[in-house]
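Input: a single structure, listed below in structure tokens.
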Amino acid sequence: MSGGPVSLVGREAVLDVDGVAHGGHCVARWDGRVVFVRHTLPGEQVRVRVTEGDESSRFLRADAVELLSTAAGRTQPPCPHAGPGRCGGCDFQHVTPARQRELLGAVVHEQMQRLAGLEVDVTVRAVPPDDLGWRTRVGWTVGPAGVGLRRHRSHAVEPVERCYIAHPAVAVPPHPPAGVERLDAVVSSEGDRSLLADGRRVEGRARLVERVRDREFRVSGAGFWQVHPLAAETLVEAVLELGRPAPGERAVDLYAGVGLFSVFLGEQVGSVGQVVLVEGEAAAVRDARRNVHDLPQVGIVHAPVERALAAGRAGERADLVVLDPPRTGARATVVRRIAALRPGRVVYVACDPAALARDVATFAGLGYRLAELQAFALFPMTSHVECVALLTPAAND
Ligand SMILES: C[S@@+](CC[C@H](N)C(=O)[O-])C[C@H]1O[C@@H](n2cnc3c(N)ncnc32)[C@H](O)[C@@H]1O
């Protein structure tokens with residue numbers, strides 16, 4: 001006889017839904033146990049069906065499968081593939097864009113409170129388009145029934161004839177090459193297109209041109225570039241507004257990708273200033289070299305950020321440090337090394353508010369306080385939100 005805990009998957013209950021939580025779901029309680037419920041809104045009463053968890057689980061996951069009362073902000077999902085058990089790409093198709101931004105603001109607020117002990121008022125700003133047709137990079141999965149997108153927390157593929165949040169130029173590839181599992185479709189701000197099959201280019205350009213303000217950036221098809229058409233511009237504006245780079249200053253741009261921020265930092269600090277760009281991926285560094293070629297004040301370090309800082313390759317001091325790490329955040333060792341450069345301003349661009357909050361807490365222990373936090377809805381219909389934080393030495397207060 002197997003004595004393991006009894007699975008609760010498939011069980012149903014009627015629950016009252018509380019607040020939103022990080023990850024695209026809301027919180028409800030069932031006999032005192034937390035249940036993370038998707039496809040619902042705070043204040044609704046719904047019938048839930050458990051999708052993950054057993055009698056010993058600390059929390060359960062569930063889908064709202066029937067609405068018994070609805071809350072303001074609910075709308076008909078534009079995409080027919082959204083809903084329980086369907087495509088996992090979007091979390092908030094059933095929510096109006098304005099209410100989505102309120103939910104994202106509540107999530108950032110909660111992460112800052114819980115992980116950094118800070119009370120921060122967060123207003124998430126809209127960036128057009130704020131609903132559909134924005135995603136300029138889509139990773140399609142090829143399943144037994146055709147090309148589609150993965151279901152939530154599953155390897156199973158939801159075949160789709162169209163992704164509603166995708167930019168019209170990255171339509172579902174109609175004829176995937178035989179044996180291919182993943183297709184990446186990309187369109188740039190200049191209309192350049194590329195299609196990669198399992199990481200290899202099969203159509204379009206190897207390098208795309210993106211335009212931000214008056215500058216052109218070369219980006220390899222598979223390399224990192226923000227996915228919302230106005231994201232790069234929006235983030236550059238936020239970084240320059242919060243970072244205030246001035247002529248003659250020394251700036252460090254960590255996790256710099258193809259040099260998006262370095263180019264504009266370089267322009268601001270001028271030929272008597274200096275920017276150190278640090279990036280770990282070889283293809284991005286190749287693109288960055290081209291993108292900063294007319295700015296000799298920008299020096300490039302091709303190395304993991306941890307190693308570059310430990311070896312002193314970003315220098316001894318900085319007036320300004322900009323960092324834009326992956327979802328895991330910078331983590332304590334890197335944060336300590338940044339603080340050791342004694343910058344007057346740290347601008348932290350973050351795609352995960354939880355990682356940001358943890359790193360803000362580390363900065364606080366090193367004498368840096370959160371001076372300002374901006375947040376942008378750069379991934380409409382999803383639970384993702386981009387934050388730009390300014391940290392300054394507490395001694396400056
Ligand atoms: C979120 S992207 C930001 C890129 C750039 N700031 C932009 O906005 O286009 C993060 C970048 O960090 C790089 N990266 C990730 N981990 C790294 C590490 N440990 N050291 C150096 N670079 C890293 C990735 O290759 C990627 O280019």
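First listed ligand is number 1; within each ligand, the first listed atom is number 1. The chain is numbered in sequence order, starting from 1.
- Because its NZ or CZ atom is not both nearer than 6.0 Å to the ring centre of Phe59 and within 45° of the ring axis, Arg61 does not count as a cation-pi partner of that residue.
- Geometrically, Arg213 engages Phe264 in a cation-pi contact defined by less than 6.0 Å to the ring centre and at most 45° from the axis.
- Residue Asp324 places at least one N or O, backbone or side chain, under 3.5 Å from an N or O of ligand 1.
- No donor-acceptor contact under 3.5 angstrom links the side chains of Thr362 and Asp359, judged on distance only.
- When all heavy atoms of Glu12 and Val65 are compared, the pair lying nearest together is OE2-CG2, 4.4 Å.
- Few gaps surround CZ on Arg211; more than 12 heavy atoms of other groups in view lie less than 6.0 Å from it.
- Of the protein's heavy atoms, Glu279 OE1, 3.6 Å lies nearest to atom 26 (C) of ligand 1.
- For ligand 1, the atoms lying closer than 4.0 Å to a non-hydrogen atom of Ala256 are 4 (C), 5 (C), 6 (N).
- The nearest non-hydrogen atom to atom 9 (O) of ligand 1, considering only Phe224, Phe261, Tyr255, comes from Phe224.
- Atoms of ligand 1 lying under 4.0 Å from at least one heavy atom of Val305, given by number and element, are 18 (C), 20 (N), 21 (C).
- Within the 4.0 Å heavy-atom cutoff, Ala308 does not count among the residues contacting ligand 1.
- Enclosure of atom CZ in Arg307 is not indicated, since only 12 or fewer non-hydrogen atoms of other residues, nucleotides or ligands lie within 6.0 angstrom.
- Taking the six-membered ring for Trp and thresholds of 30 and 60 degrees, His25 and Phe36 have nearly parallel ring planes, at less than 30 degrees apart.
- Ranked by closest heavy atom to atom 15 (C) of ligand 1, the top entry among Ala350, Gly259, Pro326 is Pro326.
- Shown here is Arg215, whose CZ atom has more than 12 heavy atoms of other residues, nucleotides or ligands within 6.0 Å.
- Short contacts between ligand 1 and Ala303, defined as distances under 4.0 Å to a heavy atom of the residue, involve ligand atoms 21 (C).
- Not a single N or O atom of Val258, backbone or side chain, sits closer than 3.5 Å to an N or O atom of ligand 1.
- Heavy-atom proximity to Gly280, at under 4.0 Å, picks out these atoms of ligand 1: 21 (C), 22 (N).
- Checking only distances, Glu306 does come within under 3.5 Å of ligand 1, N or O to N or O.
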